[in-house]
Each structure stands twice: as C-alpha cells, then as structure tokens.
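The basis for the numbers below is simple: all heavy atoms, side chains too, and nothing from hydrogens, waters or symmetry mates.
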Number of protein chains: 2
Amino acid sequence: MDAAVQYHETHGSGRRVTTDTPRFQQVVQDFKSQIANGTLVQHAALPSERRIADEYDISRMTARRALDALEAEGLVYSEDRRGRFVSPKRVSYDVSKMVSFVAEADSRGLALEIEVVRAMKSQADAMVAEQLGVEHGAEVYAYTRLFRNNGHAIFVETEFVNARRCPGFLEHDLHQSTTRLLEARYDLSASAGDIAILMRAATAEETNLLGLAKNSAGIELTQIIRDSSGRSFCFGRQFWRGEAARFSARAIVERSVHD
Amino acid sequence: MDAAVQYHETHGSGRRVTTDTPRFQQVVQDFKSQIANGTLVQHAALPSERRIADEYDISRMTARRALDALEAEGLVYSEDRRGRFVSPKRVSYDVSKMVSFVAEADSRGLALEIEVVRAMKSQADAMVAEQLGVEHGAEVYAYTRLFRNNGHAIFVETEFVNARRCPGFLEHDLHQSTTRLLEARYDLSASAGDIAILMRAATAEETNLLGLAKNSAGIELTQIIRDSSGRSFCFGRQFWRGEAARFSARAIVERSVHD
DNA sequence: TGTGGAATCTGGTATATACCACAATGTGGA
DNA sequence: TCCACATTGTGGTATATACCAGATTCCACA
C-alpha cells in the first residue's frame with residue numbers, strides 16, 4: 001500500500017493538449033469503449049466500484065466518480081445495492097404522429113409493458129383545468145402508468161381526461177393505448193396536439209418508479225390532445241429516462257398541406 | 001468523533017423504505033427554496049463549497065455533493081474556479097415554426113448574441129450527405145455558432161448547407177438568422193422540416209463552449225430544412241444546456257392508413 | 001498613477017476510511 | 001425438504017485531508 005499520492009503524469013497517448021487527463025476519465029473512456037464496441041452489451045453488469053478501484057489502482061471514490069459520470073451520460077444505470085448495468089438502446093418516438101406511443105411501439109414490435117400505478121377520479125387543479133379547458137375543480141380522471149420495455153422502465157406518464165366527456169373511463173382496461181380507448185369508446189379522435197419537451201430533474205416518485213439515481217435528470221414531455229374542433233380532451237405528462245428515447249417531429253410551415 | 005450519524009428509519013409505504021434524509025439533501029432543499037422564492041435570483045452567486053460546509057457543519061465533499069445535485073438538475077451552473085451561480089430562466093423554442101430560433105427570439109425581445117466559432121467549406125461525410133441529399137464528399141459549407149442570451153451561453157449549433165445551392169454562403173454575415181439569409185439571398189424558403197430531440201452528454205467542445213461541467217448532459221436538437229419540393233438544403237445540429245430551454249411543437253394528424 | 005506580484009479564494013481531483021441498509025447467497029437445524 | 005439466520009457483496013452517505021491551477025483581490029513599489 002505504498003505510493004499513495006503519486007500524481008505522475010502518464011502522457012502516454014496524449015492527444016489533448018489540456019493539462020493532464022484526470023484518472024477517473026480514463027475509467028470513463030474505457031467503459032465507453034467497451035460499451036461502444038460491444039464488449040459490454042445492454043443490461044450487462046459492470047464491475048463493482050470496489051473492483052474497479054482495485055483494478056485501476058484508484059480509490060473507490062474515484063471509481064465512483066467515473067461511474068457517476070457514465071450514469072449522468074445515460075450509458076449506464078444503477079440498481080440500488082445490486083450493481084450498475086449498461087443502458088439499453090434508445091427507442092424512437094415520433095411526436096408528430098398523434099397515434100399513441102403505445103400503438104406505435106406495438107407496430108414496431110417493441111415489447112412494451114404497462115403498469116398502472118394509480119388511477120382515480122379527482123378534481124382539476126389550475127394547471128390541468130387550463131390545459132383541458134374545464135373549470136377549476138371540475139371532475140377529471142387521473143391515472144399514472146409506468147412503461148417498461150423488455151422489463152426496463154423507460155418512462156412514467158400521468159394523464160388527465162375530462163370526466164364529463166369520458167364517463168366511466170377508469171372502468172376500462174388501462175393497459176392499452178389511451179388514444180385507442182378514447183376513440184373506440186368515446187368517439188374522441190385526436191386531430192391535433194400541443195407538445196412540449198424539456199429536460200428536468202426527476203421528482204421523488206419518478207425516481208422511485210424509474211429506478212433512477214437521486215437528482216438525476218430526464219425528459220418531460222407534455223401533450224394536449226385535441227379533437228377536430230380544437231377542444232382538448234386529454235392532457236398527459238410523461239417523464240422519460242433521459243437516455244431512453246429520441247423524439248422526432250415534423251414541422252410544416254403555415255397550414256398549407258401539400259400532397 | 002461522537003456518533004453524529006443517526007439513521008432511524010421512518011418506513012415509507014411503498015417498496016422503498018426511505019431511511020433518514022441524507023444531510024446533503026437538506027442543503028439541496030434549502031437552495032431550491034431560495035431559488036424558488038427569489039432570495040437567490042438568476043446569475044446570483046451561491047456560497048462557496050467551503051462556506052456551505054462551514055455553515056451546515058458538513059464536510060466539503062458533502063457540500064459538493066449537494067451542489068453537484070443542483071447542477072445536475074440545472075438549477076445552478078458553475079464556472080471553473082469562479083463559483084456557482086443560479087441558472088437563468090428557460091427560453092421557449094417552438095420547433096414547429098420553421099422560422100429560425102434567432103428570428104423568433106428577436107421578435108420576443110430576447111437579447112440573443114451569436115458568436116461564430118468556426119466557418120469553412122468542407123465535404124459532406126456520410127451523415128451530412130444523407131441528410132442533405134447530396135453525394136458523399138460533395139461540397140458543403142459548415143459553420144459552428146455559439147448562442148448566448150444576456151451573455152449566458154445557451155446552445156451551440158453546427159449547420160451544413162449545400163454549397164452548390166448556396167454559392168458564397170460564408171461571405172455573408174453569419175450573425176443573423178440562417179433562415180432569413182437563405183431566403184433573402186438564395187430564394188430558399190423553408191417549407192417543412194424534420195426535427196429530432198434527445199438527451200445526451202456534451203462533447204468536449206460543447207463542454208468548453210457552453211462552460212459546462214465535465215460529462216454533463218444536455219439536449220441535442222437536429223433539424224433538416226426542406227423546400228416546397230421536399231429537398232433538404234440545410235441540416236443543423238444544436239446542443240442546448242439542458243436547463244436552458246423548453247421545446248414546443250404542434251402535431252396534426254394526417255388521416256391515412258389505419259391498421 | 002499605474003503595474004506587477006503575492007496572498008487568497010474557488011472549484012477540481014484524489015485518497016483513505018467508516019458505517020449503513022439492503023440484496024444475494026450460503027449454511028445449519030427443525 | 002424447507003425455513004431461519006448469518007455471511008458476504010454492493011451501492012449510498014459521510015468525513016477529513018491534501019494538492020492543483022486558474023481567478024480575484026489588494027497592496028507595495030516604481
């Protein structure tokens with residue numbers, strides 16, 4: 001256990017003209033390579049912090065730093081007291097298609113599982129009321145669902161539907177596309193939608209459901225679905241693991257539809 | 001050193017059994033409050049790590065943990081060896097409007113500054129060639145610009161334009177909206193666009209230009225701009241500070257085949 | 001009135017150590 | 001055979017310390 005503090009610079013494969021590559025960055029780079037070249041496939045377990053520290057001859061805290069960096073980048077996820085694993089590949093979500101993500105995923109063969117976390121009748125708060133175009137305090141159905149792909153949680157969604165327009169909504173099976181449900185049962189078909197995407201930190205519940213590390217960031221996607229008369233009948237808020245998705249959209253200037 | 005670590009369990013309800021609140025979370029919460037209630041306004045300096053450690057009677061590393069968490073959430077940004085500061089408010093970007101963000105920002109009174117980092121004629125690599133619909137190796141103009149709002153860097157963008165369609169492009173002033181430039185000088189008006197949004201880690205250059213912490217995540221937004229005939233003439237890739245923006249879009253259902 | 005340089009401050013990296021709480025595994029006894 | 005219990009492993013939190021290098025400040029000297 002000699003030579004604790006050494007700070008010798010291993011200029012070796014020095015590419016960067018910067019000062020000196022921090023040791024933890026070496027670990028980061030190594031694992032990035034291993035993930036990129038397939039040595040580590042998705043969901044494969046990484047060595048433990050202690051093992052990495054040992055192998056690289058660094059302290060556990062430094063190993064941890066490297067792993068935290070990989071996690072922050074989304075290349076790796078961790079399960080509390082079980083280990084760290086390679087993140088699966090991103091899924092694509094075309095937000096321009098108002099077909100529910102569920103339906104879209106189905107058609108592309110994604111094994112999407114839905115867990116209903118919570119479902120209840122409640123009253124619209126200011127936010128929900130504005131989005132749904134109902135009175136403050138009006139009855140709405142609110143339900144939260146967790147979406148997994150191959151067993152791996154990728155996002156959690158809370159949706160609000162206008163109770164007056166969708167009586168008995170919660171009696172239906174929520175393990176399916178909401179869009180389809182609304183269309184089949186209530187003759188409400190999506191005609192347009194407003195979508196917003198932003199990056200933010202996960203709330204406590206999202207952290208738990210998605211199995212995220214504390215204070216980690218992800219992507220919030222909110223959408224308001226409107227019928228052909230422009231009235232909104234469904235408001236949803238999704239929170240995605242940051243590394244789990246790629247969102248695409250198509251923009252068309254003005255209203256001119258050519259075809 | 002007397003115990004000082006107490007860890008009595010409060011037994012939550014779900015699967016997770018939350019133990020005692022970690023000390024660093026207290027710091028996180030405090031600053032969150034101060035930012036929320038306006039005690040700390042945007043760009044205000046937070047106390048240094050050492051000062052926080054002192055005031056909360058925690059170690060510097062624990063204080064650092066708290067600050068890192070705040071930074072990961074985007075509430076705070078740090079400047080190397082200068083300090084940590086409260087992040088400014090998000091800007092909104094409607095990606096459905098094919099008007100350049102610059103133009104849109106102007107009209108809303110944002111003080112947007114553009115710094116041209118790099119501008120050159122180069123040859124399309126596989127990626128760029130595909131997006132622009134040109135031959136691999138075809139001549140393109142490539143330029144990188146850094147965008148600041150009130151002096152605070154918010155995103156960096158690299159755009160590629162088809163050199164054949166836009167001769168002498170780089171001779172124009174790039175401190176303006178590209179969309180406008182293309183329209184005014186080359187009669188190329190945006191008619192549609194494909195946009196993709198995803199969260200990822202910053203590259204080394206992005207880290208430097210945006211003044212980010214190492215390995216921090218942000219949002220990549222790529223867009224392909226097409227003319228009325230569907231041909232693409234501009235391909236751009238933006239990397240945004242994660243906390244800096246909110247992206248909105250409007251989706252319209254195109255009734256087609258229903259499976 | 002500068003101006004150069006030292007002192008001080010800041011975040012960044014790194015180590016060593018300790019304990020906690022839960023997960024997985026292994027072992028012995030009923 | 002099956003279950004209770006101990007052992008081991010893992011990530012999570014926390015402390016104390018050290019040095020680095022750039023940013024800032026301020027003061028003495030020209």
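Residues forming a salt bridge (charged side-chain N to carboxylate O under 4.0 Å, His left out) with E206(B) (at least two apart in sequence, or on another chain): R200(B).
Of the residues in residues 59-71 of chain B, those lying under 4.0 Å from DNA chain C by heavy-atom distance are R60(B), M61(B), R64(B).
Among dT10(D), dA23(C), dT15(D), the nucleotide with an atom closest to any side-chain atom of R50(A) is dT10(D).
At whole-Å resolution of the value, CZ in R82(B) and C1' in dG12(C) are 16 Å apart. For the pair D54(A) CG and dT15(C) C1', the computed distance is 14 Å after rounding to whole Å. Atom CD1 of I52(A) is separated from atom P of dT15(C) by 14 Å (rounded to the nearest Å). Rounded to whole Å, atom C1' of dT15(C) lies 15 Å from atom CZ of F24(A). The distance from atom CG of D57(A) to atom C1' of dA14(C) is 12 Å, rounded to the nearest whole Å. To the nearest angstrom, C1' of dA23(D) lies 15 Å from CD of E49(B). One can place OH of Y56(B) at 14 Å from P of dT15(D), the figure rounded to the nearest angstrom. The CZ atom of R23(A) sits 9 Å away from the C1' atom of dT15(C) (whole-angstrom rounding).
Separation of the F147(A) and H152(A) ring centroids does not fall under the 6.0 Å cut-off. Ring centers of F101(B) and W240(B): under 6.0 Å apart, within the cut-off.
Using modelled atom types, one finds a donor on one side chain and an acceptor on the other under 3.5 Å when comparing T144(B) with R118(B). Q34(B) and D30(B) share no donor-acceptor pair across their side chains, judged by distance under 3.5 Å alone. Between the side chains of E71(A) and S78(A), at least one donor N or O lies within less than 3.5 Å of an accepting N or O. For T178(B) and Y143(B), the side-chain atoms include at least one donor-acceptor pair closer than 3.5 Å.
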Find every protein N or O atom lying less than 3.5 Å from an N or O atom of nucleotides 7-9 of chain D, and list the pairs.
none

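Heavy atoms from other residues, nucleotides or ligands lying under 6.0 Å from CG of N37(A) number more than 12.
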Chi angles and distances behind the side-chain contact (heavy atoms from CB on, under 4.5 Å) call for V116(B), H175(B): CA-CA 7 Å; V116(B) 178; H175(B) 297 262; 3.7 Å; yes
